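No experiment lies behind these values; they were computed from the predicted model shown.
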There are 2 protein chains.
Amino acid sequence: MVCGPRGADQEITGLSPTAVLATQPLSRREAGKAERRRQIIQAARDLIRETGNAGLSMRGLAARAGVSLATPYNLFGSKRAIVVAVLQDVREFQERFSTLQAVDPLESIFAALDLSLQFYVGDPAFYRTLWSAVFDTSDGVRGEILNPKRDAFWRGLVLGAVRSGAIASEVDPDLLLRHLESVLRSVMFDWVVGEISPARLGAMARHGYALILLGAAADDWRGPLRARVLETQASLAAPA
Amino acid sequence: MVCGPRGADQEITGLSPTAVLATQPLSRREAGKAERRRQIIQAARDLIRETGNAGLSMRGLAARAGVSLATPYNLFGSKRAIVVAVLQDVREFQERFSTLQAVDPLESIFAALDLSLQFYVGDPAFYRTLWSAVFDTSDGVRGEILNPKRDAFWRGLVLGAVRSGAIASEVDPDLLLRHLESVLRSVMFDWVVGEISPARLGAMARHGYALILLGAAADDWRGPLRARVLETQASLAAPA
DNA sequence: TGGGAAGCTTGAACACGTTCTAAACTCCTG
DNA sequence: CAGGAGTTTAGAACGTGTTCAAGCTTCCCA
């Protein structure tokens with residue numbers, strides 16, 4: 001059996017600290033706990049930024065956060081849970097994404113993809129560590145790995161494409177979304193293990209998105225998608 | 001820097017022991033080494049089969065293989081490299097796959113997919129451990145994770161589909177293959193972390209394959225593929 | 001056929017994630 | 001304010017993957 005934190009607060013495990021703070025009265029004891037949680041996440045983020053995953057030891061983290069070694073285990077349960085908490089706490093996406101507006105519903109999917117990838121490769125040391133945690137299979141800390149708001153955003157994009165008639169109505173949008181995500185995951189995995197350059201990463205992801213969307217597209221929209229497949233294919237052909 | 005084994009035999013690292021044995025003269029020292037390598041892989045396979053990854057400790061493995069703790073590190077470099085070696089050593093695929101022959105080139109791709117999945121879910125304790133190693137990002141042991149023969153087999157299937165005209169000639173077969181593999185990887189990942197039942201696993205993979213192939217298909221072949229997409233979609237609709 | 005040199009094995013050791021115990025501390029309740 | 005419940009703390013300890021210095025075995029060349 002995989003165990004969560006040992007305290008009495010399992011129900012809020014994994015929520016970002018601000019979300020906890022937002023939920024009202026919060027006895028003084030709980031407030032102290034939330035504060036410690038915040039310190040730990042903060043220290044973890046700093047350590048990852050400075051040294052990557054290699055420099056993130058539980059002893060060092062505890063020292064940096066000003067708590068004892070056992071405390072992070074009481075509050076989060078495991079090292080991985082802490083990294084996941086850091087991942088969930090990244091909410092800059094929301095702001096960036098809110099500014100993107102495209103007339104073409106398919107265009108906005110590709111724009112969001114580009115934005116995401118720019119985000120990740122723009123801070124490699126940081127996001128390599130975070131994505132490594134995503135691919136970690138060692139324990140059962142999985143629920144809500146990716147920001148729920150972020151998921152909702154993507155789902156909105158796909159549903160928009162369906163509504164606009166770009167995607168055939170017979171295709172299940174959630175399955176389509178899932179396959180798109182699997183392309184992203186796959187590409188990010190290659191990036192994490194260093195098997196793909198940032199340049200190819202973008203082209204590869206776009207190619208996969210275009211191919212899957214082409215499979216799901218309504219007839220009228222197949223032309224531009226096919227063009228996009230060929231275009232990304234060409235950009236991938238140059239460097240062997 | 002990630003280091004491989006420290007000995008002078010980096011060039012044969014990762015090759016299966018039988019492949020090493022096949023390369024002739026083999027001084028007495030090399031023979032002993034190959035023998036030890038074989039014993040270690042054998043012991044690892046047995047331990048994984050008996051207890052899963054949890055029971056596979058380096059000390060236990062060394063004891064079982066009748067060598068000292070440091071020896072596996074000298075011969076393989078890391079624990080992960082040993083699991084990868086076990087993975088490469090599984091060559092039953094070849095035999096099973098050689099028996100599959102379908103007239104329809106797309107049909108044979110789906111048949112191969114089913115065969116693969118049956119293989120994995122048929123021995124969950126074993127293959128969950130092995131696939132976990134595939135998703136492990138902790139070190140740089142990556143080259144040729146999957147059996148090269150297996151890759152060649154899949155590539156042959158895709159190229160066959162292209163030659164037969166089922167796949168549009170403008171689509172790059174290698175990119176197509178890669179996206180198909182990313183669907184498989186993604187689905188296997190969900191299986192490893194326990195987020196998908198064996199039943200849904202197959203349907204999900206087929207759906208992804210069908211969608212991608214539909215995107216890449218020549219016009220004449222889009223009908224049956226679209227039917228397959230809808231069919232797998234229906235089978236996924238039942239259990240929420 | 002010896003002797004030097006390489007390479008391998010070995011047991012000890014390190015750093016890590018994680019858990020445990022007991023003591024100290026902090027907060028809530030009456 | 002007193003008591004008691006709930007948490008953090010320090011410290012030690014366990015098992016893990018991995019590495020190191022030292023000794024032993026095997027090879028190769030004179």
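In this entry the distance linking CG of B:Leu61 with C1' of D:dT16 reads 14 Å, nearest Å. In this structure, A:Glu35 places its CD atom 15 Å from C1' of C:dT26, rounding to the nearest Å. Atom-to-atom, CD1 of A:Ile82 to C1' of C:dG17 comes out at 11 Å; the value is rounded to the nearest Å. A straight line from NZ of B:Lys33 to P of C:dA6 spans 15 Å, rounded to a whole angstrom. For the pair B:Tyr73 OH and C:dG11 C1', the computed distance is 15 Å after rounding to whole Å. In this entry the distance linking CG of B:Asn53 with P of D:dG15 reads 18 Å, nearest Å. Atoms CZ (B:Arg80) and C1' (D:dT16) sit 17 Å apart, rounded to a whole Å. For the pair A:Leu75 CG and C:dT18 P, the interatomic distance rounds to 14 Å; values are reported in whole Å.
Note on B:Thr71: a side-chain N or O is less than 4.0 Å away from OP1 or OP2 of C:dT10. The side chain of B:Lys79 places no N or O atom within less than 4.0 Å of a non-bridging phosphate oxygen (OP1 or OP2) of D:dT18. In terms of phosphate contacts, B:Asn74 brings no side-chain nitrogen or oxygen within less than 4.0 Å of OP1 or OP2 of C:dC8.
Among B:Leu47, B:Thr71, B:Ile41, the single residue meeting the side-chain contact (heavy atoms from CB on, under 4.5 Å) criterion with B:Leu61 is B:Leu47. Checked against B:Trp131 for a side-chain contact (heavy atoms from CB on, under 4.5 Å), the options B:Val192, B:Asp136, B:Val193 give a single hit: B:Val192.
Across all strands, B:Ser68 comes closer than 4.0 Å to base atoms (heavy-atom distances). Counting any heavy atom pair closer than 4.0 Å across all strands shown, A:Leu56 reaches sugar-phosphate atoms only and no base atom.
A distance of 6.0 Å or more separates the ring centres of A:Trp191 and A:Tyr120.
Annotation: of the two residues near DNA chain D, A:Gly66 and A:Leu69, the 5′-most nearest-nucleotide partner is A:Gly66. Nearest-nucleotide positions on DNA chain D for B:Met58 and A:Arg36 put A:Arg36 closer to the 5' end.
Ring pair B:Phe189/B:Phe135 is perpendicular by interplanar angle, where above 60° counts as perpendicular and below 30° as parallel.
No hydrogens or angles were tested; on distance alone, a donor-acceptor pair under 3.5 Å links the side chain of B:Arg59 to the base of D:dG17.
Within the structure, no pair that satisfies the ring-ring contact (aromatic ring centres under 6.0 Å, His included) test touches residues 35-61 of chain B, not counting sequence neighbours.
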